[in-house]
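Note that the coordinates shown come from a computational prediction; the quantities given were computed from them, not determined experimentally. Only this structure's heavy atoms are used, side chains among them; waters, hydrogens and symmetry mates stay out. In this chain, residues are counted from 1 in sequence order.
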Amino acid sequence: MKRAIAFCLLIVTCFAGTAKATVILENWTPELEGLVRGITGQIEEMPFIRAWAYAEAIDRYCFPAKSYANVVGVTLKETARHQDSFSPGMLASAERDAADHLRGEYLACAPAMKFVEETVARMPELVEKLNVLQMQINDVKAKIATACAIRAREGSPPLKICIGGYLPD
């Protein structure tokens, strides 16, 4: 029977009287790595970040009657930030891209507004999908934590310790 095992290494460093623990991943099984990358990829493809970035760019470059970012609401902003937590930097990049797109092209404002409005209209469905993906990634994190615990319990040389379960790239 094929068993997924993640090897973990705990490094403890002391600096100025504080201890810091860092977890390093040595070997992932292709199965778990594929699951994490696949789920993260699906989350990255969701439209929240782009919609929020365009809502802010619309305010700056399209001169709407009301603040567009305020009209679409805090829910889109918070969901975009949550999506960005899976791949940090995406939000900043999308904000630059949206600003560059709308800055020089006033005719792009109407399609951008339509995209943002469609995304906001689909929020319940999209947030549900995001929640399902979040649960799936939590399941994978639990599998990794279990594999680390089994590995530590077996005492396979060298004994490795896993803290926190999920081990990022």
### Query
What pairs with E128 under salt bridge (Lys or Arg N to Asp or Glu O under 4.0 Å), at least two apart in sequence or on another chain?
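E128 satisfies salt bridge (Lys or Arg N to Asp or Glu O under 4.0 Å) with no residue once adjacent residues are dropped.
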### Message
The criterion is salt bridge (Lys or Arg N to Asp or Glu O under 4.0 Å); which residues satisfy it with R103, sequence neighbours excluded?
### Response
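In terms of salt bridge (Lys or Arg N to Asp or Glu O under 4.0 Å), with neighbours along the sequence ignored, R103 is linked to D100.
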Are the side chains of [X] and [Y] in touch, meaning some heavy atoms are under 4.5 Å apart?
| X | Y | answer |
| --- | --- | --- |
| P47 | F115 | yes |
| S85 | H82 | yes |
| E56 | Y61 | no |
| D84 | F48 | no |
| W52 | V72 | yes |

### Message
Nearest 0.5 angstrom please: Q136 CD to Q134 CD, how far?
### Response
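Atom-to-atom, Q136:CD and Q134:CD are 10.5 Å apart.
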### Query
Which value, rounded to the nearest 0.5 Å, describes the distance between M135 atom CE and L133 atom CG?
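Answer rounded to 0.5 Å: 9.0 Å.
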State, to 0.1 Å, how close [X] and [Y] come at their nearest heavy-atom pair, and which atoms those are.
| X | Y | answer |
| --- | --- | --- |
| L102 | A57 | CD1-CB, 3.7 Å |
| P64 | I58 | CD-O, 3.4 Å |
| L130 | I43 | CD1-CG2, 4.0 Å |

### Message
According to side chain to side chain donor-acceptor pair (under 3.5 Å), who are the partners of S87, at least two apart in sequence or on a separate chain?
### Response
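If we apply the side chain to side chain donor-acceptor pair (under 3.5 Å) test to S87, skipping adjacent residues, the hits are E44.
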### Message
Check this for me: does any side-chain nitrogen of one of K114 and E117 sit under 4.0 Å from a carboxylate oxygen of the other?
### Response
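Salt bridge absent between K114 and E117.
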### Message
My understanding is that only one of T79, N131, V120, T119 makes a side chain to side chain contact (heavy atoms under 4.5 Å, CB included) with L126; could you say which?
### Response
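Passing option: T119.
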### Query
Can you name the one residue among R81, R96, Q83, R50 that meets side chain to side chain contact (heavy atoms under 4.5 Å, CB included) with L91?
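Single side chain to side chain contact (heavy atoms under 4.5 Å, CB included) partner of L91 among R81, R96, Q83, R50: R81.
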#### Entry: Evaluation steps, side-chain contact (heavy atoms from CB on, under 4.5 Å), between Q42 and F86
CA-CA 10 Å; Q42 289 179 48; F86 290 95; over 6 Å; no
### Task
Establish, from distance only, whether the side-chain atoms of H101 and Y54 form a donor-acceptor pair under 3.5 Å.
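Their side chains do contain a donor-acceptor pair, which is all the 3.5 Å distance test asks for.
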